[in-house]
Every structure is written in C-alpha cells, then in structure tokens.
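Before any comments, here is the structure.
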Amino acid sequence: MTTPTPTQTLHDVSCADDYDPNSMPVDKARELIARFLTPLAATERVHVRSALNRILAQDVISPINVPANDNSAMDGYALRFADLKADGEVTLNIAGSSFAGKPYGAPVKPGEAVRIMTGGVMPPEADTIVMQEHTKAAHGKVTIGSGHRQHQNLRRAGEDLAVGQVALRKGLPLRPAEIGLAASLGIGEVTVYRRLRVAFFSTGDELVSIGSVPGEGQIFDSNRYTIHGMLTRMGFDAIDMGVIRDEPALIEAAFAQAAACADVVITSGGVSVGEADFIKDMLNKLGEVLFWKIAMKPGRPLAYGKIGDAHFFGLPGNPVSVMVTFYQFVRDALLTLAGQNPVPPLPTFKVPCISALKKAPGRTEFQRGILSRDANGAWSVKVTGEQGSGILRSMSEANCFIILPTDQGNVAPGAMVQVQVMEGVV
Ligand code: AMP
Ligand code: MG
C-alpha cells in the first residue's frame with residue numbers, strides 16, 4: 001500500500017506498485033481522488049435566509065444562553081422545596097403566576113407558591129416545580145403531598161447551549177434546522193464558503209442541444225442537462241459550456257477556457273477507448289490526468305486529474321453512466337472541495353430484493369432500484385426494467401441504487417441486497 005501524503009502528485013499515484021488503471025476498484029478510485037482535494041479558501045458573509053445549502057466557513061458561537069433563563073418543564077407550581085414535608089401535605093398561598101413571556105418577577109417567600117406554565121421563567125428563591133396533576137388548588141391556595149425532589153421539572157439556563165459554546169461547526173451544510181438554530185440565537189448573518197464553480201461540456205459530433213433539429217444519426221444531448229440539474233441541486237455555480245465537437249483544437253480550447261474560469265471541470269463522453277488517446281495527449285499537455293477503467297457497471301471509463309488549478313472529471317458518455325459516476329465519485333469530491341467536512345456517506349442498508357438480478361462477478365454493479373413499502377410496513381426493493389447504460393428512464397424510475405459487490409453473482413428473488421438511497425443529487 002502507498003501511504004497518502006499531501007505532497008503526492010498524480011504522477012506518483014500512477015507509478016505506485018498496486019496501481020492498475022485498467023482494473024480500478026471503485027473504492028480505490030475514490031480514495032485516490034480524495035488525496036487531491038483541498039477545500040476552497042474564499043468565504044463570504046450572507047444573511048441566514050440566503051444561506052440555505054451553503055457551507056459554514058466559520059464556527060457559529062452562541063452569544064446567549066439557551067434557554068435564556070431557568071424555566072419550567074411542566075405546567076404546575078414553583079415553590080421552595082424547604083416548604084414541603086417529607087410525609088404529609090402542606091398548603092401554600094398562590095402568590096401569582098409566571099407564564100411564558102410574562103414572568104412573576106418577585107422572589108417567592110416562605111409559604112408561597114407561584115402558578116407556572118411550561119416555559120415560564122422560574123421566579124427567584126423558588127427551586128422546585130410540582131406538576132399540576134400532583135396538586136389540589138382552591139380559593140387561592142394549593143395543597144401538595146410528599147415524595148418530591150428538589151429542582152425537579154426545572155430547566156436550567158444554558159442547559160441546551162451556554163454563552164460562548166459552538167452552536168454550529170465550520171464545514172456544516174446549512175439546512176433549515178441550522179438556519180432556524182442560528183435565528184434562535186439572534187444571528188442574522190453567517191460566514192460561508194463561496195459557491196463552488198463547476199464548468200461542464202459535452203463532447204460528441206452526434207450531439208445537438210434542445211432547440212435544434214437533429215440531423216441524420218444525431219441525438220439530443222441529455223448529459224449537460226442532467227449535470228446542470230445535479231450541480232444546481234447541490235447549490236453550486238453551474239457553468240454550461242455547451243456541446244463541443246470531436247475536434248482536438250476545439251476541445252483543447254474548451255478545456256483551457258473551463259479550467260481558467262472554474263474550480264472544477266466536468267465533461268461527458270470522449271474518455272472511452274479509441275477517443276481517449278488524443279484527449280489523453282491533449283490533457284497531459286494542459287495538466288496531469290489519470291485515465292481509468294473502473295471495475296464497475298455502468299460507468300467503466302473515468303478520468304480524473306488537474307488542469308491548472310482546476311480539478312477535472314471526465315465522465316463516460318452514456319447517460320446512466322454519467323449519473324452513476326457523478327453519484328459515486330464526483331458528489332463527495334465536490335462537497336469536500338466546497339468545504340463540507342465531514343462528508344457523510346449516503347445512507348446504505350440491506351433490504352430483501354423481490355426481483356431476480358443478473359450479475360457477473362468481477363465488478364461492482366449499481367443497478368437502479370425502486371424501494372417501496374408493503375401494506376404491512378415492510379420495505380423491499382425491485383429492479384427497474386432494462387439496465388442498459390443508455391436507458392435514462394431507469395434513473396427516472398429509480399429511488400435507489402442496488403449495489404452489488406465485486407464478488408457477487410446472480411441474485412435470487414428474496415435475497416438481501418444493499419441499497420443506497422438517491423437523495424438530493426439525482
Ligand atoms: P462516448 O463515451 O463519447 O463514446 O459516448 C458513449 C455513448 O454515449 C454514445 O452512444 C454517445 O452517443 C452517448 N453520449 C455521449 N454524450 C452524450 C450526451 N451528452 N447526451 C446523450 N448521449 C451521449
Ligand atoms: Mg463521443
């Protein structure tokens with residue numbers, strides 16, 4: 001095994017003993033890519049309302065205690081524990097009330113109780129709350145039995161979060177919960193990383209964009225549209241550079257332009273055998289790029305490298321392969337570059353598969369699955385129809401990948417399989 005070091009170059013990687021670009025396991029490719037990912041440094045201040053899906057670049061420190069005051073966890077009576085009897089009842093005068101937003105204010109004197117509602121501020125000198133159900137109130141007095149503990153039903157100021165504590169950590173993506181939490185602390189602005197800029201283009205003489213009429217043998221470009229959707233959904237700046245014809249000079253110009261304006265360049269098509277050679281030479285002139293055949297289906301050809309300071313992902317041309325490789329390699333890498341830390345793995349778990357699955361050992365397969373729940377509440381998965389890497393409908397029908405590991409062969413109906421939920425990217 002090679003030991004990852006921060007100074008390692010792509011060239012060092014390709015010279016390592018266990019490096020075989022023609023049979024690259026999925027995990028190994030992921031791990032190699034991860035060695036070269038340095039998060040963005042640039043940050044900006046944004047209002048919390050505009051911060052959804054952005055990534056926090058600075059810890060948010062709580063300027064206040066949460067809760068702000070000692071307060072009641074129950075509807076009941078606030079009193080002095082010393083007034084209660086270990087055995088037998090005691091009757092106290094109801095001196096007033098403390099409701100949420102309307103505190104009692106004065107100290108509670110011996111022999112007194114204050115009616116208190118959930119969230120009501122604990123009056124000074126009181127130290128215990130007796131819940132309403134354990135009391136009898138009549139004519140301005142309340143009678144309370146034995147068996148209570150001092151400080152019961154009391155929520156302490158700062159119990160959830162104390163002044164000066166980290167409320168939200170740097171590296172966290174901001175979801176509605178984090179935005180609400182910042183607002184609950186009275187924080188209106190947060191420091192986030194600037195948006196990751198991702199330029200992308202399609203390559204292929206056969207491709208036309210929507211709005212044009214395909215000529216003989218031409219097809220509509222779909223990859224640029226799925227890539228645009230995936231990037232936008234993740235909150236990145238998606239820079240669409242169009243379709244580039246299979247002409248070395250045009251492709252070279254497109255690469256140079258993309259790398260100059262973006263943090264990441266993504267292409268689809270043109271990295272399969274045959275086409276790879278001229279692209280290989282060109283990219284190695286512009287930067288340093290590794291070309292792999294991943295032991296996976298779909299999505300075998302994949303290129304990764306650097307062009308100038310930009311990271312480059314060369315995805316296969318087939319529409320399903322594009323989405324699978326984006327999901328399995330590009331997603332995590334982009335989140336890391338964008339500053340997210342940690343990047344948790346997508347939820348993966350085992351369920352029974354009700355379909356028979358065809359699978360040859362020797363590669364990891366990402367079949368498209370539909371997870372559903374039966375009338376008894378039990379979950380299972382079935383495969384979408386045809387699994388060809390050009391059939392984008394399989395991605396549209398699916399809500400998960402069925403991940404079949406390298407050594408796995410055919411799967412009989414009813415066997416347990418691993419599924420990965422497609423969330424937020426597809
Ligand atoms: P390639 O990797 O360029 O050989 O492409 C593999 C297959 O994917 C071919 O059938 C291409 O026509 C198809 N393909 C490549 N790029 C796109 C695209 N942007 N949209 C739809 N299909 C594509
Ligand atoms: Mg092509």
Side-chain angles (χ1 to χ4, degrees), residues 21-24 29 198-233 238-255 257-258 262 264-284 289-305 312-331 363 365-366 368 384 386-398 425-426:
N22 291 316
S23 172
M24 178 63 66
V198 187
F200 58 99
F201 57 88
S202 298
T203 62
D205 287 335
E206 76 280 29
L207 304 175
V208 296
S209 300
I210 45 178
S212 306
V213 180
E216 182 80 20
Q218 288 192 307
I219 59 168
F220 287 112
D221 175 2
S222 59
N223 293 343
R224 253 167 65 232
Y225 300 88
T226 41
I227 290 173
H228 177 268
M230 294 188 289
L231 294 173
T232 306
R233 213 165 165 185
I239 305 164
D240 185 347
M241 298 184 53
V243 174
I244 311 295
R245 284 191 288 127
D246 285 322
E247 227 172 87
L250 294 178
I251 298 183
E252 181 168 347
F255 271 119
Q257 195 192 336
V264 181
V265 180
I266 298 177
T267 63
S268 71
V271 291
S272 52
V273 188
E275 284 174 305
D277 286 346
F278 85 81
I279 294 221
K280 228 181 220 170
D281 294 343
M282 170 196 311
L283 284 172
N284 284 324
V289 176
L290 304 173
F291 289 80
W292 296 325
K293 291 196 184 72
I294 312 277
M296 72 187 280
K297 186 185 170 188
R300 207 158 110 81
L302 184 79
Y304 168 73
F312 165 62
F313 293 90
L315 308 185
N318 277 307
V320 177
S321 307
V322 165
M323 299 192 80
V324 172
T325 49
F326 188 97
Y327 223 92
Q328 301 303 327
F329 301 105
V330 184
R331 172 192 180 268
R363 62 195 179 204
E365 284 200 16
F366 297 88
R368 274 73 69 206
T384 62
E386 286 297 316
Q387 294 290 305
S389 59
I391 306 171
L392 204 46
R393 194 160 42 85
S394 69
M395 281 300 297
S396 171
E397 287 170 358
V425 178
V426 169

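Atoms considered below: every heavy atom in the structure, side chains included; atoms not considered: hydrogens, waters and symmetry mates. In each ligand, atom 1 is the first atom listed, and ligand 1 is the first ligand listed.
When the options Thr203, Leu250, Ile251 are evaluated for a side chain to side chain contact (heavy atoms under 4.5 Å, CB included) with Arg245, the one that passes is Leu250. For the pairing with Arg224, the side chain to side chain donor-acceptor pair (under 3.5 Å) check across Ser268, Ser209, Ser202 returns one residue only, Ser209.
In summary, the aromatic rings of Phe366 and Tyr327 are positioned with their centroids too far apart to meet the 6.0 Å limit.
Within the 4.0 Å heavy-atom shell around ligand 1 one finds Ser222.
In terms of N/O distances under 3.5 Å, ligand 1 is approached by Gly270. Considering backbone and side-chain atoms alike, Pro316 places every N or O at 3.5 Å or more from each N or O of ligand 1.
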CA sep, side-chain torsions, deciding dist, call: Met230, Met323, side-chain contact (heavy atoms from CB on, under 4.5 Å): CA-CA 9 Å; Met230 294 188 289; Met323 299 192 80; 4.0 Å; yes
Worked verdict on Leu302 versus Met24 for side-chain contact (heavy atoms from CB on, under 4.5 Å): CA-CA 10 Å; Leu302 184 79; Met24 178 63 66; over 6 Å; no
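If you number the atoms of ligand 1 from 1 as listed, the ones under 4.0 Å from a heavy atom of Asn318 come out as 6 (C), 7 (C), 8 (O). For ligand 1, the atoms sitting less than 4.0 Å from at least one non-hydrogen atom of Asp221 are 18 (C), 19 (N), 20 (N), numbered in the order shown with element in parentheses. Residue Ser202 has at least one heavy-atom neighbour below 4.0 Å for each of these atoms of ligand 1: 19 (N). Close approach of ligand 1 to Leu207 is summarised as follows: ligand atoms under 4.0 Å from at least one heavy atom of the residue are 16 (N), 17 (C), 18 (C), 19 (N), 20 (N), 23 (C).
When Val320, Leu392, Asn223 are checked for heavy-atom proximity to atom 17 (C) of ligand 1, Asn223 turns out nearest.
Open room surrounds CZ on Arg393; 12 or fewer heavy atoms of other groups in view lie less than 6.0 Å from it.
Within the 4.0 Å heavy-atom criterion, the part of Glu206 lying near ligand 1 is the side chain and not the backbone.
In this structure, the separation between CG on Leu315 and CG on Asn223 is 8.5 Å, given to the nearest 0.5 Å.
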